[in-house]
Amino acid sequence: EIEGFSLNLTKSTLVLFMSESVPFDQVDTTGIQLVGDATLVQLTTEDIVDLEPVITNCCNITNGPTISIRLSTSTLNSIKADEALGTGLNNTGLSVDAGAIVDMELNQIGFSSATVINYFP
């Protein structure tokens, strides 16, 4: 399950905080969307999952499993071009399609909707 996420537009990163470990090589970025009030930006195959785990003490989640995604220039430009998305905590959400992320036994993590817990414009 996704416990939350952090979006850093300056560093072009999206970090998902997970409740359990997941195999990085099985993450399908095309099934991940950033959602605004009435819009969404879907990630693409150009958005790369970092294979090195991110160690974080962010937001009351201490050293939990994470997925760090480096956003492509095209995805970053789509976020920045959309005035109804990615401008603050209140208009930045996350949606994940079933099967886009699996657990270590390759069981699908179903549809998730998570609230942004950390945001850096």
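Just so it is clear, the values below take in all heavy atoms, side chains as well, and ignore hydrogens, waters and symmetry mates. Throughout, residue positions are numbered sequentially from 1 according to the sequence presented.
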message: Rounded at 0.5 Å granularity, tell me how far CG in D103 sits from CD in Q108.
response: 10.0 Å
message: Against R70, only a single residue in D50, T29, T13 fulfils side-chain hydrogen bond (donor to acceptor under 3.5 Å, both in side chains); can you say which?
response: D50
message: Assigning hydrophobic clusters by single linkage (Ile, Leu, Val, Met, Phe, Trp, Tyr; side-chain heavy-atom cutoff under 4.5 Å), is V35 placed with I79?
response: no
- request: Quick one: which residue pairs count as a salt bridge (Lys or Arg N to Asp or Glu O under 4.0 Å) with a foot in residues 12-23, not counting sequence neighbours?
  value: none
- prompt: Any idea which heavy atoms bring T66 and F24 closest together, and the distance?
  reply: O-CE2, 3.2 Å
query: With sequence neighbours excluded, what pairs up with D47 under the side-chain hydrogen bond (donor to acceptor under 3.5 Å, both in side chains) test?
result: T44, S72, T75
message: Looking at every heavy atom in both S21 and P65, which two are closest together, and how far apart are they?
response: N-CG, 3.7 Å
message: Rounded to the nearest 0.5 Å, what separates atom CD1 in I2 from atom CG in L94?
response: 5.0 Å
message: T30: which residues meet the side-chain contact (heavy atoms from CB on, under 4.5 Å) condition with it, sequence neighbours left out?
response: D28, Q42, T45
query: Can you list every pair that meets salt bridge (Lys or Arg N to Asp or Glu O under 4.0 Å) and has a residue in residues 81-91, with sequence neighbours left out?
result: none
statement: One should read off an interatomic distance between I101 CD1 and N107 CG, to the nearest 0.5 angstrom, of 14.0 Å
- request: Show which residues join V102 in its hydrophobic cluster (side-chain heavy-atom contacts under 4.5 Å, direct or indirect), or state none.
  value: L106
- request: Check V96 against Q33 and note the closest heavy-atom contact, atom names and distance.
  value: N-OE1, 4.3 Å
message: What verdict does the side chain to side chain contact (heavy atoms under 4.5 Å, CB included) test give for L85 and L40, after you've listed the backbone C-alpha separation in whole Å, the side-chain angles of each residue and the deciding distance to 0.1 Å?
response: CA-CA 7 Å; L85 172 66; L40 66 86; 6.0 Å; no
- request: Please name all residues satisfying side-chain hydrogen bond (donor to acceptor under 3.5 Å, both in side chains) with E46, sequence neighbours left out, ordered by chain then number.
  value: S74
statement: Closest non-hydrogen atoms of M104 and V22, given as atom of the first, atom of the second and distance, are SD-C, 3.5 Å
query: With a 4.5 Å limit on heavy-atom distance, are the side chains of V27 and L16 in contact?
result: no
- prompt: Are side-chain heavy atoms of I69 and F5 found at a separation under 4.5 Å?
  reply: no
